[in-house]
Amino acid sequence: QVQLVESGGGLVQAGGSLRVSCLASGRTFNSYVIAWFRQAPGKEREFVAASSSSGTNTYYADSVKGRFTASRDKAKNTVYLQMNSLKPEDTAAYYCAAGVIYSRDSGRYDYWGQGTQVTVSS
């Protein structure tokens with residue numbers, strides 16, 4: 001069993017930066033892929049980024065590549081999503097999710113956090 005808690009969302013102006021965190025409980029945390037998804041009002045949940053269980057490999061949606069960075073601190077059981085050069089279209093609730101294998105399909109993830117809101121003003 002893995003429990004995930006996101007934090008760090010907020011309001012930022014376009015071009016600014018935010019870092020959201022995903023703190024996990026459970027001694028098997030480091031065996032899971034951790035992915036970030038986001039969902040804006042009226043839109044489907046979409047894949048943003050993912051960190052492999054080792055933290056060696058990271059994966060990004062084309063829309064955030066070069067602007068967002070996923071990283072993993074195994075000692076702190078925490079995964080981070082550093083978001084730079086934010087755009088109004090990045091506004092959404094951001095969720096972290098844990099799964100056994102990497103996928104861009106949200107249905108492949110077993111555990112989810114409650115989400116944290118990121119709002120980018122123009």
Side-chain angles (χ1 to χ4, degrees):
Q1 188 80 5
V2 176
Q3 292 183 326
L4 305 172
V5 179
E6 300 97 335
S7 62
L11 174 64
V12 64
Q13 288 189 333
S17 298
L18 273 178
R19 188 179 76 166
V20 292
S21 303
C22 176
L23 174 63
S25 62
R27 57 188 176 91
T28 61
F29 167 72
N30 289 325
S31 65
Y32 285 91
V33 171
I34 301 296
W36 291 94
F37 289 82
R38 66 186 182 187
Q39 188 166 20
K43 294 188 177 181
E44 292 187 354
R45 190 168 293 189
E46 64 173 355
F47 171 81
V48 176
S51 170
S52 64
S53 57
S54 66
T56 302
N57 297 315
T58 51
Y59 311 89
Y60 300 96
D62 287 344
S63 59
V64 306
K65 198 173 294 183
R67 299 189 298 123
F68 290 12
T69 301
S71 61
R72 189 165 190 148
D73 187 331
K74 291 184 177 183
K76 295 183 177 179
N77 271 15
T78 301
V79 175
Y80 303 99
L81 184 66
Q82 177 67 43
M83 302 181 291
N84 299 328
S85 301
L86 282 161
K87 305 175 181 179
E89 51 263 43
D90 294 318
T91 295
Y94 283 71
Y95 300 87
C96 62
V100 176
I101 61 171
Y102 163 66
S103 173
R104 297 189 178 216
D105 179 356
S106 61
R108 300 302 295 270
Y109 291 85
D110 303 308
Y111 304 102
W112 290 82
Q114 83 290 351
T116 186
Q117 179 67 34
V118 171
T119 302
V120 184
S121 62
S122 58

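The model shown is predicted, which means the values in this text are computed figures rather than measured ones.
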Nearest heavy atoms of [X] and [Y], plus distance in Å:
X: Ser21; Y: Thr78; result: CB-CG2, 4.1 Å
X: Ala70; Y: Ala50; result: CB-O, 4.4 Å
X: Ile34; Y: Ala98; result: CD1-CB, 3.6 Å
X: Leu4; Y: Ala24; result: CD2-CB, 3.6 Å
X: Ser17; Y: Asn84; result: OG-OD1, 2.9 Å
X: Ala49; Y: Leu81; result: CB-CD1, 4.0 Å

Straight-line distance of [X] [atom1] to [Y] [atom2], nearest 0.5 Å:
X: Gln13; Y: Ser122; atom1: CD; atom2: OG; answer: 9.5 Å
X: Trp36; Y: Thr116; atom1: CH2; atom2: OG1; answer: 8.0 Å
X: Asn30; Y: Arg72; atom1: CG; atom2: CZ; answer: 5.5 Å
X: Arg38; Y: Ser63; atom1: CZ; atom2: OG; answer: 4.5 Å
X: Ile101; Y: Ser52; atom1: CD1; atom2: OG; answer: 13.5 Å
X: Ser53; Y: Tyr32; atom1: OG; atom2: OH; answer: 11.0 Å

Flag yes if [X] and [Y] sit in one hydrophobic cluster, no otherwise; membership is Ile, Leu, Val, Met, Phe, Trp, Tyr, and two members link when side-chain heavy atoms are under 4.5 Å apart.
X: Tyr80; Y: Phe68; value: no
X: Val120; Y: Tyr94; value: yes
X: Tyr111; Y: Val5; value: no
X: Leu23; Y: Val2; value: no
X: Val12; Y: Val64; value: yes

Would you mind reporting whether Thr91 and Gln117 have side-chain heavy atoms less than 4.5 Å apart?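 Side-chain contact under 4.5 Å: yes.
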State, yes or no, whether a side-chain contact exists between Met83 and Arg67 at a heavy-atom distance under 4.5 Å.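 Not touching, per the 4.5 Å side-chain cut-off.
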Take Asp90 and Val118, measure what side chain to side chain contact (heavy atoms under 4.5 Å, CB included) needs, and give me the verdict at the end. CA-CA 8 Å; Asp90 294 318; Val118 171; 5.6 Å; no
Hydrophobic clusters join Ile, Leu, Val, Met, Phe, Trp and Tyr when side-chain heavy atoms are under 4.5 Å apart, directly or via other members; which others share one with Tyr95? Val33, Phe37, Phe47, Tyr59, Tyr102, Tyr109, Trp112
Say whether, by atom type as modelled, one donor and one acceptor occur between the side chain of Arg104 and the main chain of Tyr60 under 3.5 angstrom.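 Here the side-chain-to-backbone pair exists.
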Please check: side-chain N/O of Glu6 versus main-chain N/O of Val20, any donor-acceptor pairing under 3.5 Å? no
Atom CD of Gln3: over 12 foreign heavy atoms under 6.0 Å: no
State plainly whether the residues Asp62 and Lys65 are in salt-bridge range, i.e. N to O under 4.0 Å. yes
